[in-house]
Amino acid sequence: MPEPVKKTVSAFAKKPKTQVAEEGATVVFETETEKPDAKVRWQSNTKDLASGDKYMIKADGNKHSLTIQAVTKEDGTAYAVIAGGSKVKFDLKVKEKEVMEEVKLEVKKEVKEKEEEAQGGAGDPAAPAATDTLAPEEAPAPAETPAAADTTPVAPQPGANIQAHDTPGFDESQAPDTKTDLTGLFTEKPQSGEVAVGENINFVAKVNAASLLKKPTIKWFKGKWMDLASKSGKSLQLKELYDRNSKVYTFEMQIIAAKPSFAGAYRCEVSSRDKFDSCNFDLTVHEARAVEGFDIRAAFRRTSVDGSEEAGELDFSALLKKRDSFFKGSPGHRASKSQVKSEPDEDVWEILQKAKASEYEKIAFQYGITDLRGMLKRLKKMRKEEKKSEAFLKKLDPAYQVEKGHKMKLCIEVANEDVDVKWLKNGQEIQSTGSKYIFESVGNKRYLTINHCSLSDDATYTCVVGDEKCTTELFVKEPPVTITSNLEDQMVMKGERVELECEVSEEGATVKWEKDGVELTRDESFKYRFKKDGRKHVLIINEATKEDCGHYTVKTNGGESMAELMVSEKELEVYQNIADLTVKAKDEAVFKCEVSDETVKGIWYKNGVEVKADARTHITHIGRIHKLTIDDVKPEDQGDYTFVPEGYAFNLSAKLNFLEVKIDYVPRQDPPKIHLDCMGHTADSTIVVVAGNKLRLDVPITGDPAPTVIWTKGEKVMTEGDGRLHVESTKGHCIFTIEGADKQDEGLYSVIVRNPAGEDKADINVKVVDAPDPPSAPRILSVGEDSCVVQWDPPKSDGGNPIIGYVLERKKKKSYRWMRLNFDPYTDTTYEAKRMIEGVEYEMRVYAVNAIGMSCHSAASQPFIPVAPTSEPVGLCVDDISDTTISLKWRTPEHLGSSELDGYGVEYCKEGSDEWVPAFEGLTERTSVIIRDLPTGEKMQFRVKAYNMAGPSAPTSLAQAVTIREIMQKPKIWIPRNLRQTLIKKVEETINLVIPFQGKPRPVITWSKDGEPLNPKQVSIRNSDTDTILFIRKSERKDSGKYEVKLQIENVEDTASISIQIVDLPGSPEKLKIMDVWGFNVALEWKPPKDNGNCEITGYMVQKADKKTMEWYTVYELYRRTNCVVADLIMGNEYIFRIYAVNMVGLSLEPCFSADSAYIQKTGFEYKPPTYKEHDFSEAPKFTHPLVSRSVIAGYNATLSCSVRGIPKPKVTWYKNKMDISNEAKYRMFSKQGVLTLEIRKPCSFDGGVYMCKAVNASGEDAVECKLEIRPQITKEERDKQMNKAD
């Protein structure tokens, strides 16, 4: 239940009230302020008023007044007076002069009549009727209505949105001060409000999330159980906003086009982990104002045929129907047909019956009634009848709620088991088709079962039994939509398309997308597009920019998911650079490079001049690979070649070297010769090849005859054995090729050529370079609120090229998408990753990068959670101190963060030193600690830190150093409240008295009983530093007495005493005697027991037994005297008696029996039969069916009938024009079972007139009459004439 809201002080000591005035009159509104110098403003319809011909504003000290001259109908509106922060609203109602006089006269007359009726039985005509009078401030004045000035409802303008605190009649001076009142999670609570039918109203709740560990969850309820989250739609909207600066969540509930059924009690609940708060508020829905042009007074004017004003009587029910039909035709009423359940119109007659006479004027003005005289006459004739259902024993409840997909069972109980019932849904009868609806009848119970409830079943259900019916509302609650597949963090390049995708638990569900707490909409530029495919929801961002970076959230009514989007500028990466080439004449030269973007185009340059494609030169671009191919290389092709990517400020360069092969003409038998520019073991003779590429060594040789070629690596001769190695010799060349070179192929290769003329040898050093090995698994050094510090070891192998840097990636533990944290290689092995979400579990991995490329990723780090250290512990203080120990205590930190608290560390140091020493190893989970073995007399400083996953918090220290020395404390005994009076225990009960005390050093404790030492065999004493315990396992009567405990420290002592009373069952009473026997009575007397059980005798139980049956019956259960009279005994029986003594423990074990018995003598008596008065069944005659006037044709028999009842049977006489016709032959009279018939045989024109039937018996008489009209017969000639005239 929410805490009561404190009432703020109003600036007004006296407030203006609503007034009713006649046209042309002068009205004065007066008010008084608390302060004489307060500035006061008067407003009409929210517009400030100024003094002039129409309005006069006066101020005299703290008294202020507003005078309105010559009041007109236009002046009948809402007014307000403002002083400081207080605002009071009031109304002026203008009525016609004659209507006002008539209303006042009738109200005064009715008030007087009511008071006379209430005072009729009091005997004092001057005594006022307390129930029908009002307090002086509530009594209706001639120019005022009894409505309070600040509670008069004013209909808002159509289409206006009304905040809960802006409702009509709301006094701002009475508004709660939410800045000082609130004690829970709310910083602003929703306030009760009022709204007119068809208008809008907002309720706002604010929650400060600065101290919360988790985002608060809010729920809105109507009544006790109806969750409004499932009702969100056209008439109800729930919104949520978050301010990152103030960390305040704002929750709004907007009611659109309010209906009467929306009125009632509402509740707002907010929770966050172990914190909870709630607030109740009310919504009042007023009827809309009457449409201009409908004069309700005209409907109350009574008219008759002759125009007499007093003729006829006001038919108020007809007026209500007319008024209802008028409003049903209005647009406001037509719009209200869409509401789920329409509220019935208020019954004005019922309101009048329950109201006091002094409130008639208020009701007349409220409902537009001007004919008060006719209303009061009708009111006197009405009877108050309580309607009790005859068909239903148990009706339906007003409303039910069921979850979507479940079944609902409606049950009623009928009075008649054989009656048939009908079930209606929104007024239409439900047919039993299929398995959707099941009708059951068990005894007098009727069931309607609705299977697999859906939103279409959310309707009004009615059960009809005969002419009676009962109605209920069924609300179908949709289960919350949860997110089954979360959003994934993404990192994209600028200009790329982004798709954030999630999956929810239900198809067609509505989701809300937010960016950094702001809701996203489909704007004109189509920046954001929302795609829905079954249960999948996708947010599409076209051409991402830097402004799109942030946290994106998708929300449903059952959960939310967040992901981070990072947008980086495009940077072109070079995966393979172009390399220098050395080729000989007529060979092919190929420059090749690979970049990261397939769409990037480039231009090739030779010595700064653009290269154009021709028959020998070919330029190709396939995907990310750019090639420049030169066929049939010539010496002029030698030069510097450059590739420049379009749109980027860098280039790739390489050199083409032309190798001239010189052929010397020698005579035959020329020794072999290897022609290489670089040979040996120098750096220049090293050939570098990238792992995976082809290693091709093309060596020119000469010799005649053609030499044989041998390739060796170390001592091993290289042959074509494994399929990767190819050795080929042609005229003038020997070619050595290795497909897909790897690290094993690295080393010194030798080529030997021999012929009969000699041999030659050359060494070629081959180096295979590759991407580096993956680094070691990264280690998390520390974590912060949204960051972490990660470290890793360099890879074991750098691939033959130095490490340029590292690339890091991270992902959420439950995700599969890795997001890159840096695009440029990071040179260090320690990195701080930022922009993470606190409380979410992450993993990290690292890539190593060299000039060749990027390594495989490392193993993932151990999962970690970004979390900030807790705030410092609070309330550190000294709990106790001695010569070598100190006891400290503190409270948990105010902010714990999203990680669990691991414990606390306590440190101390001597005053003036900075060397802090841990008080113990490890951490403690308790918030108090005792530190021992401290140096006596030394001044020490202490501090405490809280530890969690992120590390230690800031320390909290004592305000000043503490001297380690025990402080003398006087002994003091604290007697518990229940021991300050005598402690009463029963025999054999356990006594355990805990007596707390204080005193340092530990006092000497001494117990005694009645001045004597305690017996250790019966009583046990246990002492501690803070209390002493007296323990008796089984108490006895002898343990009763006064116990005294004494504390002594040196010469100071304190004593206290405790009284203990051990009680037992009393003994039996003594000497029970029968003192006298008379009539049906016996007098008994006895003496109290000798043993009262160590407590007061509270009474005696007296029992009797008949000697025949010996069954004991209690006469008195708790009788206090020692003598009594047992009455109402049965004559002829003999009785014995016994008595128990009673105390606070119970009854005595044994009773005391009477020594003698008492016999009740029999006495004779005479039986007198009762006399009965004979019932009178006589009844005066009464006609149950009257005569009916008739018009008949002459010459045809006519009959007049009626029915009568009466006891004894009445005598019936018929009259014509008050003349008795009983003996006339033309008339025949019949009487059968009370039905009377007069037959007139062939009447003529003279038989017309007034006929009367009169019934008479001894109890009275009754008569009915009717009029008989005789029409002449029409002849054939007259009929033909009439037909001719018609033609």
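- Rounding to the nearest 0.5 Å places NZ of Lys239 at 7.5 Å from CG of Asn202.
- For the atom pair Ile218 CD1 and Phe251 CZ, the distance stands at 5.0 Å (nearest 0.5 Å).
- For Glu429, the CD atom counts as densely surrounded, since its 6.0 Å shell holds more than 12 non-hydrogen atoms of other residues, nucleotides or ligands.
- Under a cut-off of 6.0 angstrom, the local environment of CG in Asp467 is sparse, with at most 12 non-hydrogen atoms contributed by other residues, nucleotides or ligands.
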**Prompt:** Which is it for Phe392 and Val421 under the side-chain contact (heavy atoms from CB on, under 4.5 Å) test, yes or no, and what are the steps along the way?
**Reply:** CA-CA 11 Å; Phe392 293 96; Val421 301; over 6 Å; no

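- Judged by distance alone, with hydrogens and angles left aside, the side-chain atoms of Thr462 form no donor-acceptor pair with the main-chain N or O of Cys470 at under 3.5 Å.
- The closest side-chain heavy-atom distance from Met253 to Leu236 is below 4.5 Å.
- Between Glu22 and Val94 the shortest heavy-atom distance is C-CG1, 4.4 Å.
- The NZ atom of Lys477 sits 4.0 Å away from atom CG of Asp227, with the distance rounded to the nearest 0.5 Å.
- Rounded to the nearest 0.5 Å, atoms CG (Leu92) and OG1 (Thr18) are 9.0 Å apart.
- Annotation for Lys512: atom NZ counts as buried by contact number, over 12 foreign heavy atoms lying within 6.0 Å.
- Under the 4.0 Å criterion applied to side-chain N and carboxylate O atoms, Glu240 and Lys555 are assigned as salt-bridge partners.
- The closest donor-acceptor contact from the side chain of Glu514 to the backbone of Leu241 lies at 3.5 Å or more, if one exists at all.
- Among all heavy-atom pairs drawn from Asp277 and Leu185, the shortest one is OD2-N, 3.0 Å.
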**Message:** Is there a side-chain contact (heavy atoms from CB on, under 4.5 Å) between Ser454 and Val476? Walk through the geometry before answering.
**Reply:** CA-CA 7 Å; Ser454 61; Val476 179; 5.9 Å; no

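- Classification of Lys404 and Asp457 as a salt-bridged pair fails, no side-chain N sitting under 4.0 Å from a carboxylate O.
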**Message:** Quick one, Val270 with Tyr249, criterion side-chain contact (heavy atoms from CB on, under 4.5 Å). Give me CA distance, side-chain angles, the key distance, then yes/no.
**Reply:** CA-CA 11 Å; Val270 62; Tyr249 284 89; over 6 Å; no

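- At distances below 3.5 Å, at least one donor-acceptor pair connects side-chain atoms of Ser192 with backbone N or O atoms of Asp282.
- Nearest heavy atom pair, residue Ala258 against residue Val195, reads CB-CG1, 3.7 Å.
- Using cut-offs of 30° and 60° for the angle between ring planes, the Trp220 and Phe281 rings count as perpendicular.
- When side chains are defined from C-beta on, Lys54 counts as touching Ile68, because their heavy atoms get closer than 4.5 Å.
- A pairwise comparison of heavy atoms in Leu238 and Ala229 identifies CD1-CA, 4.1 Å as the closest pair.
- No donor-acceptor pair closer than 3.5 Å links the side chain of Asn280 to the backbone N or O of Arg267.
- No more than 12 heavy atoms of other residues, nucleotides or ligands lie within 6.0 Å of NZ in Lys469, so this atom counts as exposed by the packing criterion.
- Within the 4.5 Å cutoff, the side chain of Ile412 has no heavy atoms near those of the Lys395 side chain.
- In this structure, CG on Asn200 lies 9.5 Å from CD1 on Ile255, to the nearest 0.5 angstrom.
- Side-chain atoms of Gln191 come within 3.5 Å of backbone N or O of Lys189 as a donor-acceptor pair.
- Expressed to the nearest 0.5 Å, how far OG of Ser261 lies from NZ of Lys222 amounts to 5.5 Å.
- The backbone N or O of Tyr461 sits nowhere less than 3.5 Å from a side-chain atom of Thr472 that would complete a donor-acceptor pair.
- At most 12 non-hydrogen atoms from other residues, nucleotides or ligands lie less than 6.0 angstrom from NZ of Lys219.
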**Message:** Between Leu396 and Thr471, does the side-chain contact (heavy atoms from CB on, under 4.5 Å) criterion hold? Intermediate values first, please.
**Reply:** CA-CA 7 Å; Leu396 296 169; Thr471 303; over 6 Å; no

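- Asp91 and Tyr79 make their closest contact through OD1-N, 4.4 Å (heavy atoms, listed as atom of the first residue, atom of the second, distance).
- Between the Asp458 side chain and the Phe475 main chain, no donor and acceptor come within less than 3.5 Å of each other.
- The closest side-chain heavy-atom distance from Asp243 to Thr250 is not below 4.5 Å.
- Side chains of Phe262 and Ser235 form a contact here, defined as non-hydrogen atoms less than 4.5 Å apart.
- The minimum heavy-atom distance between Val465 and Ala391, with the atom names listed, is CG1-CB, 3.7 Å.
- Considering only heavy atoms from C-beta on, Leu66 stays 4.5 Å or farther from Val81 through its side chain.
- Side-chain contact between Phe29 and Trp42 is present, with at least one heavy-atom pair separated by less than 4.5 Å.
- Phe203 is not listed as a side-chain neighbour of Cys268, based on a closest heavy-atom distance of 4.5 Å or more.
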